[in-house]
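Input: a single structure, listed below in structure tokens.
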Number of protein chains: 2
Amino acid sequence: MQKKYLTIYDDLVKKIQTNVWSESTLLPSENELTMMYETSRETIRKALNLLSQNGYIHKIRGKGSVVIDRNKFDFPVSGISSFKELAESLELNSETVVERLDYVKKDHTVRSKLGVSGRDQVWQVDRIRKIDVEKVILDKDYFNEKHVPMPAKEVCEDSIYDYVERELGLTIGFAKKEIVVEEPTDEDRELLDLTGFTNVVVIKSLVYLADTSLFQYTESRHRPDKFRFVDFARRVKNG
Amino acid sequence: MQKKYLTIYDDLVKKIQTNVWSESTLLPSENELTMMYETSRETIRKALNLLSQNGYIHKIRGKGSVVIDRNKFDFPVSGISSFKELAESLELNSETVVERLDYVKKDHTVRSKLGVSGRDQVWQVDRIRKIDVEKVILDKDYFNEKHVPMPAKEVCEDSIYDYVERELGLTIGFAKKEIVVEEPTDEDRELLDLTGFTNVVVIKSLVYLADTSLFQYTESRHRPDKFRFVDFARRVKNG
DNA sequence: TTGCAATACTTGTATATACAAGTTATACTA
DNA sequence: TAGTATAACTTGTATATACAAGTATTGCAA
């Protein structure tokens with residue numbers, strides 16, 4: 001059985017995107033939507049709160065839900081998505097090259113970042129992301145072998161998240177991310193098209209499974225001119 | 001009257017921060033919390049969902065709410081907060097210098113970004129943010145005079161958001177943000193301590209009031225080594 | 001016409017109940 | 001002992017009701 005509030009949310013998103021309700025106009029009221037979808041008001045409110053969190057609408061007490069122009073939320077580093085999902089949704093002319101795939105040495109610093117102890121293995125994959133033939137992103141992924149066994153190279157060329165979620169049946173829960181600007185390493189200069197650039201933007205992520213076990217550390221190293229981060233934020237009063 | 005689920009949320013945050021429940025242990029169950037706070041389960045769930053959204057806990061169906069180590073969510077560009085609020089919460093040794101405060105010319109490009117028409121005025125304030133005597137951030141703020149009249153210079157040295165929210169009684173609603181990396185302008189080089197740096201990180205924001213009217217455009221220009229953005233993200237399935 | 005009060009809307013909060021779905025511990029059976 | 005079914009938990013979804021609080025409209029009175 002489908003979750004009712006999610007199907008309503010999806011339907012409302014589609015209708016907003018196809019301009020059934022256009023920017024800065026009001027959605028039907030919660031009571032009207034309750035009747036339209038033949039459900040309860042609380043279910044409608046769950047769907048509307050999701051729309052609000054994701055920047056589709058803004059709710060005003062006493063008035064209604066105003067449609068927001070979410071124009072071009074292009075490159076959402078916000079949220080957890082794989083490069084493949086991203087490239088597909090943006091219809092980019094992209095390509096992935098696996099540069100390296102093997103186990104890391106016992107003294108590697110990522111072992112402490114991943115919190116692995118003793119003889120547990122950590123494997124590493126370096127991938128170059130091309131957009132329109134230019135090498136613009138270097139992804140360095142480190143996985144805890146205990147949770148995610150090292151796959152074949154072909155899997156890395158496709159989507160590791162597909163492998164983790166579909167093949168291994170694991171559920172990804174949440175991630176902590178950090179964005180900083182660094183000077184390029186020798187490796188960056190060797191593997192990316194960096195001529196003329198003196199910085200790289202680095203997104204460092206710790207990714208956790210739904211059972212809160214840490215399984216992945218990633219550094220996504222971007223050429224600065226191809227980097228863009230878009231965010232939607234609500235004001236919270238700290239009283 | 002206080003909102004019950006918010007006071008419970010605040011109380012739970014405090015208890016997590018003071019290690020009443022430590023990392024990766026389970027919170028009391030929803031039913032137990034319901035009794036502890038003498039309220040209904042739905043009210044407890046509202047508070048817990050807030051904790052989850054803000055990265056304090058992770059809920060697992062059938063098990064409970066696991067406490068997450070939210071270690072050093074330092075420089076939250078995520079969310080809308082003023083530099084003053086930020087500096088205070090981080091206890092930084094900071095200072096603000098107002099470099100410029102006047103009306104912008106009729107042909108200025110920000111007029112279209114703010115969507116002002118005809119003879120409406122737009123005013124501008126340029127502020128340098130010092131951290132430990134170093135000039136590391138240049139904030140360029142543009143306001144629609146119709147919503148926010150130009151204040152005295154002293155207000156800009158303190159906090160414009162205080163002025164907007166307290167003095168004018170306006171309510172800030174939401175913001176769209178974009179982070180990009182650019183080459184420094186002549187102005188950046190003149191006003192910031194940029195020797196040795198060839199890039200600046202720019203956070204461009206459009207800020208809206210609670211009634212969805214656009215009132216502010218901001219460019220916050222950071223020296224790359226002092227820039228850090230931390231984020232918490234949950235995995236959403238797009239099935 | 002203008003101003004104001006009443007009214008009919010809107011969304012927000014709090015509560016209660018029922019059942020579904022996932023996890024863990026218990027106790028029983030082979 | 002090992003395995004399995006059961007029961008007793010956990011969180012998730014859906015519904016209903018009541019009232020609070022903010023907004024817009026209506027209509028009446030000066």
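The structure displayed is predicted, hence computed values, not measured ones. Letters A, B, ... mirror the listed sequences (proteins, then strands); counts begin at 1.
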- Note on the structure: The nucleotide from D:dT13, D:dT11, C:dT10 with an atom nearest the side chain of A:K3 is D:dT13
- Note on the structure: Residue set satisfying side-chain contact (heavy atoms from CB on, under 4.5 Å) with A:E23, at least two apart, ordered chain then number -> A:D69
Rounded to the nearest Å, what distance is computed from the [atom1] atom of residue [X] to the [atom2] atom of nucleotide [N]?
{"X": "A:K63", "N": "C:dT10", "atom1": "NZ", "atom2": "C1'", "result": "11 Å"}
{"X": "B:R61", "N": "C:dG22", "atom1": "CZ", "atom2": "P", "result": "6 Å"}
{"X": "A:K4", "N": "D:dT13", "atom1": "NZ", "atom2": "P", "result": "13 Å"}
{"X": "B:K59", "N": "C:dT23", "atom1": "NZ", "atom2": "P", "result": "15 Å"}
{"X": "B:Q2", "N": "D:dA21", "atom1": "CD", "atom2": "P", "result": "13 Å"}
{"X": "B:I57", "N": "D:dT10", "atom1": "CD1", "atom2": "P", "result": "15 Å"}
{"X": "A:I8", "N": "D:dT13", "atom1": "CD1", "atom2": "P", "result": "13 Å"}
{"X": "A:L6", "N": "D:dG12", "atom1": "CG", "atom2": "C1'", "result": "11 Å"}

- Item | With sequence neighbours excluded, residues passing salt bridge (Lys or Arg N to Asp or Glu O under 4.0 Å) with B:R61 | none
- Message: Could you work out, with salt bridge (Lys or Arg N to Asp or Glu O under 4.0 Å) as the rule, every residue matching B:K63, not counting sequence neighbours?
- Response: none
- Message: On DNA chain D, does the nearest nucleotide to A:I60 precede the nearest nucleotide to A:Y5 from the 5' side, or the other way round? Give the residue.
- Response: A:Y5
- Message: Is it true that A:R129 and A:H222 share a donor-acceptor pair across their side chains at a distance under 3.5 Å?
- Response: no
- Query: So B:Y56 and B:Y9, would you call those rings parallel, tilted or perpendicular, with 30° and 60° as cut-offs?
  - Reply: perpendicular
- Those residues of residues 30-50 of chain B lying under 4.0 Å from DNA chain D by at least one heavy atom: B:E30, B:N31, B:R41, B:E42, B:R45
Identify each donor-acceptor pair in which a side-chain atom of residues 108-116 of chain A lies under 3.5 Å from a protein atom, sequence neighbours left out, and give them as a table.
{"unit_1": "A:H108", "atom_1": "ND1", "unit_2": "A:V110", "atom_2": "N", "d": "3.1"}
{"unit_1": "A:R111", "atom_1": "NE", "unit_2": "A:K106", "atom_2": "O", "d": "3.3"}
{"unit_1": "A:R111", "atom_1": "NH1", "unit_2": "A:D120", "atom_2": "O", "d": "3.0"}
{"unit_1": "A:R111", "atom_1": "NH2", "unit_2": "A:G118", "atom_2": "O", "d": "3.1"}
{"unit_1": "A:R111", "atom_1": "NH2", "unit_2": "A:D120", "atom_2": "O", "d": "3.1"}
{"unit_1": "A:S112", "atom_1": "OG", "unit_2": "A:T109", "atom_2": "O", "d": "3.0"}

- Would you confirm whether A:D11, through its side chain, and A:T7, through its main-chain N or O, come within 3.5 Å as a donor-acceptor pair? no
- Item | Heavy-atom donor-acceptor pair, B:T18 side chain to B:K14 backbone, under 3.5 Å | yes
- Message: side chain to side chain contact (heavy atoms under 4.5 Å, CB included), that's the test. Do A:N31 and A:R41 meet it? Break it down for me.
- Response: CA-CA 6 Å; A:N31 282 323; A:R41 190 176 151 223; 3.9 Å; yes
- For the helix from C:dT1-D:dA30 to C:dA30-D:dT1, figure out the bend between the end axes, five pairs an end, and round to 10 degrees. 10°
